[in-house]
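Below is one structure, written out as structure tokens; comments come after it.
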Amino acid sequence: MRAVEILAANLSRLMQEAGNPSSSPAVDRVAKALGLSLGRTTVARCAHGDGNPSLEHVETLAKVFGVQAWQLLHPTMGEGEKSGAERAR
């Protein structure tokens, strides 16, 4: 699976969990409220696996959903993964 497809699947999941299964405008509003720049078109393209999102877009989406950027690109969003601190124990 390509990274853009993983990103799309994870965004869809997060949007559903937030009660907005396909609401790019809602994500855009949250981004603006956080003082971040992320257009509706960009959100929609990322959620549909289209285009080539920049790392800045991935980082902004992560902030909107309260996750780490790497989690958006991980097939399981890092569930069950131990953090670096936990692995060191």
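None of these values were measured; they are calculated from a predicted model.
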For [X] versus [Y], what's the shortest heavy-atom pair and its separation?
{"X": "P53", "Y": "C46", "result": "CB-SG, 3.6 Å"}
{"X": "Q68", "Y": "A62", "result": "C-CB, 3.7 Å"}
{"X": "L36", "Y": "K63", "result": "CD1-CB, 3.8 Å"}
{"X": "L73", "Y": "N10", "result": "N-ND2, 4.2 Å"}
{"X": "E5", "Y": "M1", "result": "OE1-CG, 3.4 Å"}
{"X": "A8", "Y": "G49", "result": "CB-N, 3.5 Å"}

Please confirm whether the backbone N or O of T76 pairs with a side-chain atom of H74, one donor and one acceptor, at under 3.5 Å? yes
Measure the spacing between [atom1] of [X] and [atom2] of [Y] and express it to the nearest 0.5 Å.
{"X": "L11", "Y": "M15", "atom1": "CG", "atom2": "CE", "result": "6.0 Å"}
{"X": "E56", "Y": "S37", "atom1": "CD", "atom2": "OG", "result": "7.5 Å"}
{"X": "M77", "Y": "L72", "atom1": "CE", "atom2": "CG", "result": "5.5 Å"}

Is there a path from V64 to I6 through hydrophobic residues (I, L, V, M, F, W, Y) whose side chains come within less than 4.5 Å of each other? no
Do the side chains of V67 and L34 join up, straight or via other hydrophobic residues, at under 4.5 Å, putting them in one cluster? yes
Test side chain to side chain contact (heavy atoms under 4.5 Å, CB included) applied to L38 - qualifying residues, sequence neighbours left out: V27, A31, T42, V43, H57, T60, L61
